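Let me begin by presenting the structure, written as structure tokens, before commenting on it.
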Amino acid sequence: MTVSGDVEELSQVLRVRREKLTALRDKGIEPFAYSFDATAATNEVIAAFEEAEGSASLSESGQGESVRIAGRVVSWRDMGKSAFAHVEDASGRLQVYFRKDALGEEAFESLDLADLGDWLGVEGPAFRTRTGEVTVRAERWTLLTKSLRPLPLGKVETDAETGERIVHSGFTDQEARYRQRYADLAVHPEVREVFRTRSRVISALRSFLDGEGFLEVETPVLQPLYGGAAAEPFVTTHKALDQTMYLRIADELYLKRLIVGGLDRVYEVSKDFRNEGLSRFHNPEFTMLEWYQAFTDYEDQMALVERMLLHVLDTVLGRRTLTYAGNELVFEAPFRRIGLVASLSDALGTDVHEMSDAQLRAKAEDVGVQDLKGAGRGKLIDKLFGELVEPMLVEPTFVIDHPKELSPLAKQHRGDARLTERFELYIGGVEIFNGFSELNDPIDQRARFESQASLRAAGDEEAHPVDEDYIRALEYGMPPTGGVGMGVDRFLMMVTDQSSIRDVILFPMLRTED
RNA sequence: GACCCGGUAGCUCAGUUGGCUAGAGCAACUGACUUUUAAUCAGUAGGUCCUGGGUUCGAGUCCCAGCCGGGUCACCA
């Protein structure tokens with residue numbers, strides 16, 4: 001684009017708006033107002049008018065009380081000595097009727113300098129038009145903000161039979177919508193609604209945990225050593241300390257340090273960062289909810305997750321079903337539970353525990369798993385599960401009792417030394433929750449870290465590094481604890497039926513422009 | 001990282017076998033219209049055809065390289 005103010009080189013549509021800006025100032029109209037005192041949101045104006053109609057308290061000419069509304073102009077129909085517009089605010093849109101005789105010559109002529117996208121304040125009584133739409137008859141209008149760049153507004157048609165909203169020539173380029181989320185939000189009320197839902201869901205998660213006696217805490221984003229998940233970190237440097245720092249990949253090890261300290265129920269809503277590829281289920285910066293509760297195990301936590309999800313659905317949606325990717329998901333506790341190894345054994349027709357590593361590897365190659373370099377027994381089982389069982393987990397399903405090598409922070413299963421007490425909750429075929437009976441034996445924890453280190457030496461770059469300070473904390477004594485991590489963005493994909501994680505993140509990661 | 005698809009006006013898109021001055025709808029501008037609602041009618045203006053090379057008398061179109069995006073897969077306990 002051009003140097004700002006260099007009007008000569010602006011494209012025609014931008015130039016025209018700059019010229020109107022100048023014309024407004026010449027008329028003594030301030031194009032960027034300081035404030036406006038609206039008396040009602042647009043949806044309240046409509047509701048109040050309809051109520052007045054019902055109680056027959058309108059004036060003889062069918063007008064309600066005068067109102068003041070503020071919003072963005074999203075449609076305009078000029079009729080010579082009158083004009084209709086729709087003005088949109090956070091609550092909805094409302095039609096405004098401008099008449100030369102009601103506004104006076106000067107105020108009406110000044111409307112020529114208004115554009116789609118401008119923010120306007122309008123004052124006047126509501127009435128119902130011949131075609132039946134509740135409308136404000138403007139007696140005064142105020143320019144609140146002049147828009148200097150045309151918004152990609154489509155034309156909105158309401159289907160007469162179904163009442164459906166049909167948008168013509170809208171703003172559909174995905175790249176442009178993500179890069180200019182402000183414009184995407186401005187022209188798509190349904191996108192604004194997705195993010196309102198996001199906010200309500202996170203609020204409901206917090207209120208649920210608060211109600212259970214949990215304490216919301218904040219732990220470091222910048223960490224001297226990363227841990228709590230198997231992932232590549234972002235690396236940075238603190239200059240004054242001359243020290244390498246990592247952006248957290250999980251909150252787990254810090255939150256469990258707090259359990260050691262006696263804060264027996266803690267949770268954190270956090271941004272975590274993983275230096276990995278992007279996909280419709282992965283954004284390098286994402287929102288995680290983790291909580292830890294002393295004196296509970298993974299059974300207790302599965303029950304808590306069930307209650308939490310029902311609370312969120314009841315609070316936010318008022319129903320216990322979701323439609324995601326064309327599937328109806330019914331939430332009814334208790335959710336289905338399947339053993340990871342048991343279900344894989346069923347799928348393979350052989351007991352997984354009886355199979356050698358070589359047999360597992362051969363099976364994995366059979367079903368087309370790629371990149372098995374350095375994969376240990378646990379990873380082979382996990383890959384096979386991902387290939388053979390995971391796609392069938394549409395209804396909410398707890399997958400439980402994972403192999404030990406896959407879960408270096410989970411407590412050994414009380415009935416089977418090969419397994420851990422762990423669960424993952426799958427919804428719509430996607431992993432949303434991950435929890436376990438937390439490993440609190442520092443000697444076992446050190447051994448697990450060390451076997452991770454040998455996996456790392458064998459080529460598994462995601463294996464966990466040893467965290468000596470965390471082991472020291474466990475040595476002081478961590479009570480029996482159940483803990484859970486939740487992929488908040490993924491859950492929101494389910495709640496709002498969006499197919500990409502980018503559609504539930506306001507500003508998803510993209511390569512920079514230019 | 002692999003494969004497929006795409007990038008043309010502010011927005012949404014056409015553009016044939018390579019051929020004259022690159023088109024349409026919406027938005028914009030001028031004019032008409034005081035209950036319209038995808039308002040309507042008449043007219044006008046608006047382009048780095050993603051970038052850089054190449055082939056050709058001639059490239060939006062064909063070839064090569066690159067950039068950016070979307071989708072699918074891989075990666076992702």
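None of the values given here were measured: they were computed from a predicted structure. Quick note: numbers below take in every heavy atom, side chains included, and nothing from hydrogens, waters or symmetry partners. Chain naming here is simple, since letters A, B, ... match the order of the sequence lines and numbering starts at 1 in each.
For A:Gln452, taking side-chain heavy atoms from C-beta onward, the closest of the listed nucleotides B:rG10, B:rC29, B:rA77 is B:rA77. Of the candidate nucleotides B:rA38, B:rA27, B:rU36, B:rA38 has the atom lying nearest to any side-chain atom of A:Glu157. You'll find that the side chain of A:Arg130 is closest to B:rU35, out of B:rA27, B:rU35, B:rU34. Nearest nucleotide to the side chain of A:Asp382, out of B:rA77, B:rA27, B:rU35: B:rA77. Side chain of A:Arg280, nearest nucleotide from B:rA77, B:rU72, B:rU34: B:rU72. For A:Val13, the listed nucleotide lying nearest its side chain is B:rA27; candidates were B:rA27, B:rA74, B:rG71. Side-chain proximity of A:Glu175 to B:rG10, B:rA28, B:rC68: nearest is B:rC68. Comparing B:rC11, B:rU35, B:rC33 against the side chain of A:Asp78 picks out B:rC33 as the nearest. Among the nucleotides B:rA39, B:rC68, B:rU36, the one closest to any side-chain atom of A:Lys155 is B:rA39. Distance from the side chain of A:Asp115 is smallest to B:rA28 among B:rA28, B:rU12, B:rC75.
The base of B:rU36 is paired with the side chain of A:Gln95 by a donor and an acceptor separated by under 3.5 Å. Within 3.5 Å, no donor on the side chain of A:Arg77 pairs with an acceptor on the base of B:rU35, nor the reverse. The base of B:rU12 has none of its N or O atoms less than 3.5 Å from a complementary donor or acceptor on the side chain of A:Thr172.
The separation between A:Asp401 atom CG and B:rA77 atom P is 20 Å, rounded to whole Å. When rounded to the nearest whole Å, the span between NE2 of A:His188 and P of B:rC11 equals 13 Å.
Among the atoms of the strands shown, base atoms are found under 4.0 Å from some heavy atom of A:His86. Nucleic acid contact for A:Lys404: none, since no nucleic acid atom lies under 4.0 Å from a heavy atom of the residue. Within the nucleic acid shown, A:Arg137 comes within 4.0 Å of at least one base atom, counting heavy atoms only. At the heavy-atom level, A:Glu405 lies nowhere under 4.0 Å from the strands shown. Across all strands shown, A:Phe171 has heavy atoms under 4.0 Å from sugar-phosphate atoms exclusively, and none from any base. Heavy atoms of A:Leu278 sit under 4.0 angstrom from at least one base atom. When heavy atoms are screened at a 4.0 angstrom cut-off, A:Phe281 is found touching no nucleic acid atom at all. Among the atoms of the strands shown, none is found under 4.0 Å from any heavy atom of A:Gly154. Using a 4.0 Å heavy-atom distance criterion, A:Leu151 is classed as making no nucleic acid contact.
The phosphate of B:rG69 has OP1 or OP2 within less than 4.0 Å of a side-chain N or O from A:Arg179. Side-chain N/O atoms of A:Lys81 include none lying less than 4.0 angstrom from OP1 or OP2 on B:rU36.
For A:Trp141 and A:Phe108, the ring centers sit 6.0 Å or farther from each other. The distance between the ring centers of A:Phe423 and A:Phe398 falls below 6.0 angstrom.
For the pair A:Ala85 and A:Ser500, nearest-nucleotide mapping onto RNA chain B gives the more 5' position to A:Ala85. Comparing A:Gly80 and A:Gly170 against RNA chain B, the residue whose closest nucleotide sits nearer the 5' end is A:Gly170.
For the C1' atoms, the distance linking B:rC73 with B:rA28 amounts to 44 Å, nearest Å. The P atoms of B:rC4 and B:rA9 are separated by 26 Å, rounded to the nearest whole Å. If you take atom P in B:rA65 and the same atom in B:rC29, they sit 46 Å apart, rounded to whole Å. B:rA27 and B:rA42 have their P atoms separated by 14 Å, given to the nearest Å. When the C1' atom is compared between B:rA74 and B:rC62, the two are found 33 Å apart, to the nearest whole Å. Using P as the reference atom, B:rG71 and B:rA32 are 48 Å apart when rounded to the nearest Å. On the P atoms, B:rG10 is 7 Å away from B:rU48, given to the nearest whole Å. Spacing between B:rU56 and B:rC63 at atom P, rounded to whole Å, works out to 16 Å.
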Trace of the ring pair (Phe, Tyr, Trp, His ring centres under 6.0 Å) decision for A:Phe436 with A:Tyr298: CA-CA 5 Å; A:Phe436 27 88; A:Tyr298 79 141; 9.5 Å; no

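Of the nucleotides present, B:rG23 is the one that pairs with B:rC13 by Watson-Crick or G-U wobble criteria, both distances under 3.5 Å. In a base pair of the Watson-Crick type (N1 to N3 plus N6-O4 or O6-N4) or a G-U wobble (N1-O2 and O6-N3), with each distance short of 3.5 Å, B:rA42 is matched with B:rU30. Base pairing of B:rU56 is not made with any nucleotide, judged by Watson-Crick or G-U wobble geometry with both donor-acceptor distances under 3.5 Å. Base pairing analysis places B:rC3 opposite B:rG71; the two distances defining the Watson-Crick or G-U wobble pair are each below 3.5 Å.
The salt bridge (Lys or Arg N to Asp or Glu O under 4.0 Å) analysis of residues 107-118 of chain A, with sequence neighbours excluded, yields the pairs A:Arg17-A:Asp115, A:Lys20-A:Asp115, A:Lys100-A:Glu109, A:Asp115-A:Lys146, A:Asp118-A:Lys146.
Using a 4.5 Å heavy-atom threshold, the side chains of A:Glu123 and A:Val67 count as separate.
Counting only N and O atoms by type, the side chains of A:Gln301 and A:Trp291 include a donor and acceptor under 3.5 Å apart. Under 3.5 Å, the side chains of A:Thr42 and A:Ser91 contain a donor-acceptor pair of N or O atoms.
Residues A:Asp489 and A:Thr287 share a closest heavy-atom pair of OD2-N, 2.7 Å.
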